[in-house]
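Here's the structure we're looking at; comments come further down.
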Amino acid sequence: MNHWHYGNYAPPHPIPPALPRSDRGDYTVAGHWLLARLGKRVLRPGGMHLTRALLSDVDVSNAHVVEFGPGMGRTAAEILARAPRSYLGIELDRDAADTVALVAGQDNVRVGDAARTDLPDASADVVIGESLLTMHDGDAKEAIVAEAVRLLRPGGRYVVHELAMAPDTQAEAADIAGQLAGAALTKVRPMTVAGWEQLLMEAGLTVERVRVARAVPLALRRQVVDEGIWGAIRFVAKLARHTEARRRVRQLRVSYSRHRAHLATVGLVASKPAG
């Protein structure tokens with residue numbers, strides 16, 4: 001792990017564009033990568049407001065930070081602006097990793113699996129993962145959390161930012177997850193807030209902070225807050241020029257709207273016992 005001290009880092013704005021999974025058409029690429037192609041840089045369900053709140057909770061300044069699945073690098077830029085002692089992103093998608101490297105430096109991003117990073121034990125003060133666990137089944141969720149625990153020093157903290165749900169029955173939960181996955185063309189496996197807490201506690205972590213907010217990732221107001229006015233305008237302009245992408249985004253919006261009463265976003269901070 002490269003321990004690079006960033007000092008007074010100023011993230012580039014806007015983050016240079018990239019096209020993750022550029023070999024696939026708009027009708028087959030996963031929903032989050034489709035949104036990235038259209039210029040959306042904040043791909044987290046709770047938006048930048050929740051991300052910034054969580055970063056304030058853990059205070060990454062002067063910390064060794066590992067981020068699982070940095071995506072377009074928007075959270076990486078926020079982390080680096082807070083002057084960590086070091087930053088390393090582990091990204092499975094090579095195109096996305098190239099984009100994050102423009103923000104963090106080539107030596108500070110690796111293409112790899114968050115469940116098997118090959119990093120040394122107890123090498124991180126903070127591990128962060130956003131919108132990653134939601135897209136994995138139970139065993140894979142547990143493997144990623146276990147890897148985060150392995151990487152953390154005693155007293156270190158794990159931060160997650162995920163989609164949550166509050167269905168009345170298990171069958172209803174499965175139905176909602178299936179409909180969201182169908183619209184996104186990728187796995188969507190949200191859990192209840194209590195379920196997310198239990199996942200972390202069963203891995204031996206102590207949950208210190210829970211933040212819950214509404215899930216409105218594609219609302220116009222959220223777009224303006226996350227991307228800025230001009231970013232939101234560029235997104236709409238690109239959408240107008242791509243018929244298939246426009247159809248896909250409409251499907252995503254309808255799916256989220258249909259289940260809005262049962263969906264939320266959750267941010268959790270959990271610590272590894274010091275003893």
Side-chain angles (χ1 to χ4, degrees), residues 1 15 18-21 29-37 40-48 50-52 54-55 58 60 64-80 84 86-106 108-119 123-124 126-152 157-164 181 184-191 196 199-200 203 217 226 265-270:
M1 180 173 175
I15 293 174
L19 297 175
R21 300 304 304 270
V29 73
H32 56 291
W33 289 145
L34 175 67
L35 295 174
R37 287 181 180 182
K40 188 165 175 56
R41 290 294 170 261
V42 179
L43 302 174
R44 313 315 191 188
M48 285 311 304
L50 183 53
T51 293
R52 287 170 178 155
L54 291 168
L55 291 178
V58 296
V60 297
H64 294 299
V65 181
V66 174
E67 183 181 10
F68 291 165
M72 292 287 91
R74 189 64 186 85
T75 297
E78 292 285 333
I79 293 169
L80 297 178
S86 70
Y87 169 86
L88 181 65
I90 305 295
E91 174 56 59
L92 190 61
D93 188 286
R94 185 172 296 279
D95 290 338
D98 289 342
T99 298
V100 180
L102 296 174
V103 177
Q106 192 69 49
N108 295 281
V109 183
R110 296 185 186 179
V111 176
D113 186 349
R116 294 179 295 275
T117 66
D118 295 326
L119 297 175
S123 57
V126 178
V127 175
I128 296 176
E130 298 181 292
S131 300
L132 177 65
L133 297 173
T134 297
M135 294 189 290
H136 289 82
D137 292 323
D139 289 347
K141 281 182 171 69
E142 292 174 4
I144 293 170
V145 174
E147 182 69 353
V149 173
R150 185 185 70 80
L151 294 181
L152 286 172
R157 285 168 291 181
Y158 183 32
V159 179
V160 299
H161 173 175
E162 303 291 343
L163 191 63
L185 292 184
T186 190
K187 287 182 180 179
V188 181
R189 299 290 186 270
M191 299 166 62
W196 287 117
L199 176 69
L200 300 183
D226 285 348
T265 60
V266 62
L268 303 102
V269 176

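Quick caveat, the model's predicted, so the values are computed rather than measured.
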With a 4.5 Å limit on heavy-atom distance, are the side chains of [X] and [Y] in contact?
X: D139; Y: E142; value: yes
X: T117; Y: R150; value: yes
X: R157; Y: L152; value: no

Distance-minimising heavy-atom pair for [X] and [Y]:
X: A114; Y: L132; result: CB-CD2, 3.9 Å
X: L163; Y: T134; result: N-OG1, 3.2 Å
X: P70; Y: Y87; result: CB-OH, 3.6 Å
X: G73; Y: V103; result: O-CG1, 4.2 Å
X: L200; Y: A270; result: CD1-CB, 3.9 Å
X: A203; Y: V149; result: O-CG2, 3.9 Å

Look only at the side chain of [X] and the backbone of [Y], and say whether a donor-acceptor pair between them is shorter than 3.5 Å.
X: E91; Y: V109; value: no
X: W196; Y: G267; value: no
X: D93; Y: D95; value: yes
X: R116; Y: A143; value: no
X: E162; Y: V266; value: no

With side-chain contact (heavy atoms from CB on, under 4.5 Å) as the test, would you mind laying out the steps for L54 and I128 before giving the verdict?
CA-CA 10 Å; L54 291 168; I128 296 176; over 6 Å; no
[X] side, atom [atom1]; [Y] side, atom [atom2] - distance, nearest 0.5 Å:
X: L133; Y: H136; atom1: CG; atom2: NE2; answer: 8.0 Å
X: M191; Y: L199; atom1: CE; atom2: CG; answer: 5.0 Å
X: H64; Y: L151; atom1: NE2; atom2: CG; answer: 13.0 Å

Could you give me the CA-CA distance, side-chain angles and deciding distance for V160 and F68, then say whether side-chain contact (heavy atoms from CB on, under 4.5 Å) is met?
CA-CA 10 Å; V160 299; F68 291 165; over 6 Å; no
State, without any angle test, whether T51 and E78 hold a side-chain donor-acceptor pair at a distance under 3.5 Å.
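No pair is found: no donor N or O on one side chain lies under 3.5 Å from an acceptor on the other.
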